[in-house]
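Below you'll find the structure, written out as structure tokens, and then a few comments.
In what follows, residues are counted from 1 in the order of the sequence shown.
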Amino acid sequence: MAFDPSDDFADVADMQQAVTLLRPGTSDSRSLAHAVRGTVRASEARASGGRYTEEDVAWHLDGNELDDSPRPGDLIVEADARRWTVLAARRTAVGCWRCICRDLVIAHGLDQYVDIEVADFTKDATGAEVAAWRPWRTGVPARIQPVRAAVDNDHARRSLASEFIVYVAGEFRLDQTHRIKAPDGTIYRVVGCRKADRIDALMEIQVAAE
């Protein structure tokens, strides 16, 4: 009888842990009991003085726990909510899926939690529109990074106008009816958004301080 190791992964693999495999944009979610994470390799993702890094790792998932192959863009979520994006996956001889995954972090993690608010517009007694702001998303992992600062002239009044990029975990449909509240209470007006064109990048929100 020929030796077939394809069903042996759960019995022989060490350091197993439970994770969840998610497919963004769908309701697909699969709990996996026998995932094994390899060694994390960290490096800087772009010129940012070491503040913006990427971490790559190989995850091994038991093929017997999956009805479908992992796909690029899928998320592997650990028990502590750390999320890894699948960049590539292949089936191995021992019956598991080897997934190359990446977790982009800023300063060793998106170390701020911001609230995103949305405006409900009503009209006052004069017919002018008035915005009433309400919470839309709360506790979003993020980092607020200055982009530039310039002096604006407005009818002889000189003020410092600052622009920022807010890096966030996840993707959101935002426009000028949204604003971002920082942990210190600072309000940032949404100027524009750039969703990640690649699965290994973060969404960027262009904002200006009010």
- Passes side chain to side chain contact (heavy atoms under 4.5 Å, CB included), Arg194 versus Met203? Steps please. CA-CA 6 Å; Arg194 184 172 67 184; Met203 181 178 180; over 6 Å; no
- Task: Check whether any side-chain heavy atom of Val19 lies under 4.5 Å from a side-chain heavy atom of Trp59, and answer yes or no.
- Result: yes
- Exercise: identify the closest heavy-atom pair between Ala131 and Phe121: CB-CE2, 3.7 Å
- Contact summary for Gly139 and Tyr113, nearest pair of heavy atoms: O-CD2, 3.5 Å
- Item | Leu32 and Thr20, any side-chain heavy atoms less than 4.5 Å apart | no
- So which heavy atom on Ala142 is nearest to which on Val114, and how close? CB-CG2, 3.8 Å
- Query: Can you tell if the side chain of Arg37 reaches within under 4.5 Å of the side chain of Trp84, non-hydrogen atoms only?
  - Reply: yes
- Message: Side chains of Ile205 and Ile180, heavy atoms from C-beta outward: is any pair under 4.5 Å?
- Response: yes
- Look at the side-chain heavy atoms of Ile, Leu, Val, Met, Phe, Trp and Tyr, link any pair under 4.5 Å apart, and say whether Val191 and Ile165 land in one connected group. no
- Message: Are the side chains of Ile76 and Cys101 in contact, using a 4.5 Å heavy-atom criterion?
- Response: yes
- Query: Is Val57 linked to Leu75 within one hydrophobic cluster, defined over Ile, Leu, Val, Met, Phe, Trp and Tyr using a side-chain heavy-atom separation of less than 4.5 Å?
  - Reply: no
- Query: side chain to side chain contact (heavy atoms under 4.5 Å, CB included) between Val166 and Gln206: does it pass, once the steps are laid out?
  - Reply: CA-CA 7 Å; Val166 181; Gln206 291 81 42; over 6 Å; no
- Measuring from His34:NE2 to Asn64:CG, what's the distance to the nearest 0.5 Å? 9.0 Å
- Item | Close side-chain approach of Cys96 to Leu61, heavy-atom, < 4.5 Å | no
- Task: Identify the heavy atoms of Arg30 and Leu66 that sit nearest to each other, and give their distance.
- Result: NH1-CA, 3.9 Å
- Side chains of Trp97 and His60 in contact at under 4.5 Å (non-hydrogen atoms): no
- Query: Do you know which two heavy atoms are closest between His178 and Arg173, and how far apart they sit?
  - Reply: CE1-O, 3.7 Å
- Message: Pair Arg179, Glu117 - check side chain to side chain contact (heavy atoms under 4.5 Å, CB included), show working.
- Response: CA-CA 5 Å; Arg179 69 183 189 180; Glu117 299 179 335; 2.7 Å; yes
- Item | Beyond-backbone contact of Leu21 with Asp74, side-chain heavy atoms, under 4.5 angstrom | yes
- Query: So, does Gln112 use its side chain to make a donor-acceptor pair with the main chain of Pro141 at under 3.5 Å?
  - Reply: no
- Message: By the side chain to side chain donor-acceptor pair (under 3.5 Å) test, which pairs, at least two apart or in different chains, include something from residues 133-142?
- Response: Asp120-Arg134
- N/O donor-acceptor pair under 3.5 Å between Glu65 side chain and Ala33 backbone: yes
- Message: Using every non-hydrogen atom in the two residues, find where Phe164 and Pro146 come nearest and quote the distance to one decimal.
- Response: CD2-CA, 3.5 Å
- Query: Could you go step by step and tell me if Leu22 and Val77 meet the side chain to side chain contact (heavy atoms under 4.5 Å, CB included) rule?
  - Reply: CA-CA 8 Å; Leu22 302 177; Val77 185; 3.7 Å; yes
